[in-house]
Number of protein chains: 4
Amino acid sequence: MAADINSVTIVGRLTRDAELKYTNSGSAVTGMSIAVNRTRKDGDQWVEEANFFDVSLWGRRGESLNQYLQKGTRIAVTGELRQDRWEQDGQKRSRVVIHANNIQLLGGNSPGQGTPGQGFSGNNQRPNQGYQNSGNNSYNNVSNNKPSYENYPSGNAGGSGNFEDDIPF
Amino acid sequence: MAADINSVTIVGRLTRDAELKYTNSGSAVTGMSIAVNRTRKDGDQWVEEANFFDVSLWGRRGESLNQYLQKGTRIAVTGELRQDRWEQDGQKRSRVVIHANNIQLLGGNSPGQGTPGQGFSGNNQRPNQGYQNSGNNSYNNVSNNKPSYENYPSGNAGGSGNFEDDIPF
Amino acid sequence: MAADINSVTIVGRLTRDAELKYTNSGSAVTGMSIAVNRTRKDGDQWVEEANFFDVSLWGRRGESLNQYLQKGTRIAVTGELRQDRWEQDGQKRSRVVIHANNIQLLGGNSPGQGTPGQGFSGNNQRPNQGYQNSGNNSYNNVSNNKPSYENYPSGNAGGSGNFEDDIPF
Amino acid sequence: MAADINSVTIVGRLTRDAELKYTNSGSAVTGMSIAVNRTRKDGDQWVEEANFFDVSLWGRRGESLNQYLQKGTRIAVTGELRQDRWEQDGQKRSRVVIHANNIQLLGGNSPGQGTPGQGFSGNNQRPNQGYQNSGNNSYNNVSNNKPSYENYPSGNAGGSGNFEDDIPF
DNA sequence: TTTT
DNA sequence: TTTT
């Protein structure tokens, strides 16, 4: 019956550059992998343990943030837990993904503490080879090629944008 | 560097009875599977979609709540995201688990809205056959047999309890 | 420097019926007061302590839910913390409010566990006298009278609705 | 009936240095004020708006973190909402406080991104005049003077510490 | 593998 | 000012 409460907030660092892709229907989806540290007692000593989670951010906000979402960047994420389901070799598979509603840049390699858009001109020179595509990518029909907008009448994929996606970072 | 913020809160219903087990070191761990519904637009119609997550609750609180955590019970869970890692046939595997700090009973098949311990005398007559043990159980060294406490000098597994676990429900 | 992460999730019961009002600009705002219980040790005994918070839900979702949001209803709320600021007798005053993004009905006096719209025909017979208007109401220009929509060209107040507000409950 | 779910997570910057005090019973309580920014559309322009909240952190963790919790420091806080109640001139008053379970240092003026305890030797030279004491301080029986521990047999105030408070930052 |  |  109806929508259940589902809320997640984590802080962590990206384990690699974010990947911006587009579904067949033209939606932008930015995929990330985040390392969230926790400390636990091992005997009488504190040890650090990393947990790795997948994050996806849909829509224009990911298009804007993508250039800052580089390996090592510290971010805070709020969103909800989702289960991604797909078939592989006739086998049903699933993974838990954090579906982000909002991402905040917190520094690290990112401009979170400086002035965004300043002094980062070199960031995207480094080609994004897309080698992260290997592995358990579960998005259907996702490509790295930005669609020409003419093909998407509704224009929501990368067009003039709606309220949420225009939030400055 | 140190512990990152990691906070999850969800509401949902148990897809089966909770399973209370004990690790070799005598810690109680209560495992659950929860269905969290969301609604999404499919064309111009609202459809409901269930997402399934694993929840684990450690310590005495699980021992107390276990009897109410039955299939269909609606609960609210707060905790943190964890990554469970283990090896299977020489393969590294992992799954995301919600490590619960607190669970609130919200009704459904549970006594959440009545008086706990009242009118539920028949609940545990039904033998817990433990058939849910099959499948991807990733706890190491976990058994269904409650250890005799004499074997566990520290006595934390089921003993007189510490602060957190004595919270009434 | 941009938007900070700000996320709240609570469960509690309404201390009185929700109040649906409209700002001068025609926005619907549903005000609630929620009691959130916690348990604490007093000596060797558990005692229950209630904490009271203000919740506001903007837009059409409040218009839909209003009829179910009655005194005693248990709800779960996700949203963000906000500071409401106003002047009273030349004095600056403020209060913390939970700005709800989503509210889930969880039962109690509400139809949360039944089928909404069924068997609750008598609920709204009881006139809503609006006596709760006294006290520290801090919304500016808020009235209990639903505006005639002709006056509000943008039509967002109660018109055809946008995505978020159409979510079923 | 029992404890309700109550969970808050925010990111923001301290508006002044944290204040570490001790209750009559010897408990350490660290008080903070945090500015949480949000962005909103004003016409067609994004404007930034700060919201200010009170945070309190009890126990040894506050004693450890206090030296880093300076004006301007960016932190992430998880905890629960609480209502602080007291009497002033025979008037009942209350305020909402975030009761922190955990605080993460995120940089800014703090050593959150460097090595704590390194290169910050000058930080506490600046005397903490305690002028922030004016205003709506609602803790009862709180003083700035660290008690001599001999007076507190249980030794929890600043003694050998329990599990939670020893977490490194 | 699934709840209402 | 308060809910169960």
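Letters go in sequence order (proteins before strands), and every chain restarts at 1. From a predicted model like this one, the values you see are computed outputs, not experimental measurements.
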What is the distance, to the nearest angstrom, from the [atom1] atom on [X] to the [atom2] atom on [N]?
X: D:R95; N: F:dT1; atom1: CZ; atom2: P; result: 17 Å
X: C:L106; N: E:dT3; atom1: CG; atom2: C1'; result: 15 Å
X: D:R93; N: F:dT2; atom1: CZ; atom2: P; result: 16 Å
X: B:L14; N: E:dT4; atom1: CG; atom2: C1'; result: 12 Å
X: C:E49; N: F:dT2; atom1: CD; atom2: P; result: 15 Å
X: B:M32; N: E:dT3; atom1: CE; atom2: C1'; result: 14 Å
X: C:L105; N: F:dT3; atom1: CG; atom2: P; result: 20 Å
X: C:F53; N: F:dT3; atom1: CZ; atom2: P; result: 16 Å

Can you identify which nucleotide, out of [options], has its nearest atom closest to the [X] side chain?
X: B:N37; options: E:dT4, F:dT1, F:dT4; answer: E:dT4
X: C:A35; options: E:dT2, E:dT3, F:dT3; answer: F:dT3
X: B:R13; options: F:dT1, F:dT3, E:dT4; answer: E:dT4
X: C:R16; options: E:dT3, E:dT1, F:dT1; answer: F:dT1
X: B:T15; options: E:dT4, F:dT3, E:dT2; answer: E:dT2

Test item: C:T73 and C:D17 side chains (from C-beta on) under 4.5 Å apart, heavy atoms: no
Test item: C:R85 and D:N51 side chains (from C-beta on) under 4.5 Å apart, heavy atoms: yes
Can you tell me if D:E87 has over 12 outside heavy atoms packed within less than 6.0 Å of its CD? yes
Does atom CD of C:Q91 have more than 12 heavy-atom neighbours from other groups under 6.0 Å away? no
Identify whether a stacking contact exists between B:F52 and E:dT2, where the ring centres must be under 5.5 Å apart and the planes under 30° apart. yes
A:D4-C:Q104 side chain donor-acceptor pair, cut-off 3.5 Å: yes
